[in-house]
Amino acid sequence: MSSSDVLKLDSILKQLDELTPRFSAFGSYEVVDRTDLTLKVRIPIAEELHVQLYANSGKGKLNLALVHGGQRIYGEDSEGGIEHVHPFEDPESHMEASVRPSLQDFLSKVQQHLEEKGLI
């Protein structure tokens, strides 16, 4: 494990510390699993509703998902250098994205969606 791997995962946790209080939907987060190269985080919103984050610094992977009732209802992924979105309208589909997922942008989109749908 290189020091850059640790810093990348630690950077994600630092972003979570800074970002979750900025949005009314996200009060806290839980590190579900952490290894030298991977990080899995759950951000609870309401019963049956949460954000799931999975990062693998060895593979350059960042997967972000809004999960409701055990099903992904929105997601942004970066796998193998390929960025894609699972849109709210059709979360099983893949739409190519031109930029790597941003945690701040993702949380902002989720907050807006939850407000529009009256889920928070």
Side-chain angles (χ1 to χ4, degrees):
M1 174 181 66
S2 74
S3 61
S4 64
D5 293 331
V6 172
L7 292 174
K8 185 181 272 187
L9 297 179
D10 287 344
S11 174
I12 291 170
L13 291 173
K14 184 177 182 195
Q15 285 182 58
L16 286 167
D17 287 337
E18 294 170 357
L19 291 172
T20 52
R22 293 185 193 173
F23 298 95
S24 62
F26 319 112
S28 63
Y29 67 89
E30 171 192 3
V31 176
V32 176
D33 189 41
R34 168 108 191 234
T35 69
D36 290 344
L37 296 176
T38 64
L39 176 66
K40 185 174 180 182
V41 173
R42 183 175 201 257
I43 305 170
I45 300 167
E47 189 172 334
E48 299 285 320
L49 184 64
H50 67 276
V51 167
Q52 181 173 297
L53 176 152
Y54 174 78
N56 183 317
S57 61
K59 295 182 178 182
K61 180 186 283 195
L62 178 62
N63 297 347
L64 301 165
L66 175 61
V67 179
H68 188 227
Q71 299 292 315
R72 176 183 56 216
I73 61 171
Y74 179 70
E76 296 184 17
D77 301 328
S78 178
E79 296 189 37
I82 301 171
E83 286 73 32
H84 63 273
V85 174
H86 302 273
F88 289 109
E89 304 79 36
D90 185 10
E92 293 303 314
S93 69
H94 292 77
M95 293 177 52
E96 283 190 40
S98 57
V99 296
R100 184 174 184 81
S102 153
L103 186 54
Q104 181 171 345
D105 290 346
F106 179 83
L107 294 177
S108 180
K109 289 173 193 173
V110 167
Q111 173 88 24
Q112 182 178 351
H113 177 78
L114 295 174
E115 289 172 355
E116 289 171 357
K117 296 296 183 184
L119 295 171
I120 58 168

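Throughout, residue positions are numbered sequentially from 1 according to the sequence presented.
Linking ILVMFWY residues whenever their side-chain heavy atoms come closer than 4.5 Å, directly or via other members, places Tyr74 and Leu62 in the same cluster. Criterion: ILVMFWY side-chain heavy atoms under 4.5 Å apart, direct or through other members. Under it, Tyr54 and Val32 are not part of a common hydrophobic cluster. The hydrophobic clustering, which links ILVMFWY residues whose side-chain heavy atoms are closer than 4.5 Å, places Val51 and Leu119 together.
Here the CG-CZ distance, from Leu9 to Arg34, works out to 5.0 Å after rounding to the nearest 0.5 Å. Atom CD of Gln111 and atom CZ of Phe23 lie 6.5 Å apart (nearest 0.5 Å). In this structure, OG on Ser102 lies 8.0 Å from CG on Leu19, to the nearest 0.5 angstrom.
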Table please: side-chain donor-acceptor pairs of residues 43-50 below 3.5 Å, with sequence neighbours left out.
{"residue": "His50", "atom": "ND1", "partner": "Arg42", "partner atom": "NH2", "Å": "3.1"}

| task | Walk me through it: do Glu76 and Asp105 pass the test side-chain contact (heavy atoms from CB on, under 4.5 Å)? | result | CA-CA 10 Å; Glu76 296 184 17; Asp105 290 346; 5.6 Å; no
| request: Go through the steps to decide whether Phe26 and Val110 satisfy the test side-chain contact (heavy atoms from CB on, under 4.5 Å), and finish with yes or no. | output: CA-CA 10 Å; Phe26 319 112; Val110 167; 3.8 Å; yes
| query | Passes side-chain contact (heavy atoms from CB on, under 4.5 Å), Leu53 versus Phe106? Steps please. | reply | CA-CA 11 Å; Leu53 176 152; Phe106 179 83; over 6 Å; no
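Here the closest heavy-atom approach between residue Pro21 and residue Glu18 is recorded as CD-O, 3.6 Å. For the pair Leu13 and Tyr29, the tightest heavy-atom approach, listed with the atom from each and the gap, is O-OH, 3.6 Å. Here the closest heavy-atom approach between residue Ile120 and residue Ser24 is recorded as CD1-OG, 4.3 Å. Nearest heavy-atom pair, Ala25 versus Leu114, reported as atom, atom and distance to 0.1 Å: CB-CD1, 4.0 Å. Across Asp77 and Leu64, no two heavy atoms sit closer than the pair OD1-N, 3.7 Å. Closest heavy-atom contact between Ile12 and Leu103: O-CD2, 4.3 Å.
For the side-chain hydrogen bond (donor to acceptor under 3.5 Å, both in side chains) test, residues two or more places apart in sequence or in another chain that qualify with Gln112 are Glu116.
The number of heavy atoms from other shown groups lying within 6.0 Å of NZ (Lys109) is above 12.
At least one side-chain heavy atom of Lys40 sits under 4.5 Å from a side-chain heavy atom of Gln52.
Without hydrogens or angle criteria, Thr38 side chain to Asn56 main chain gives no donor-acceptor distance under 3.5 Å.
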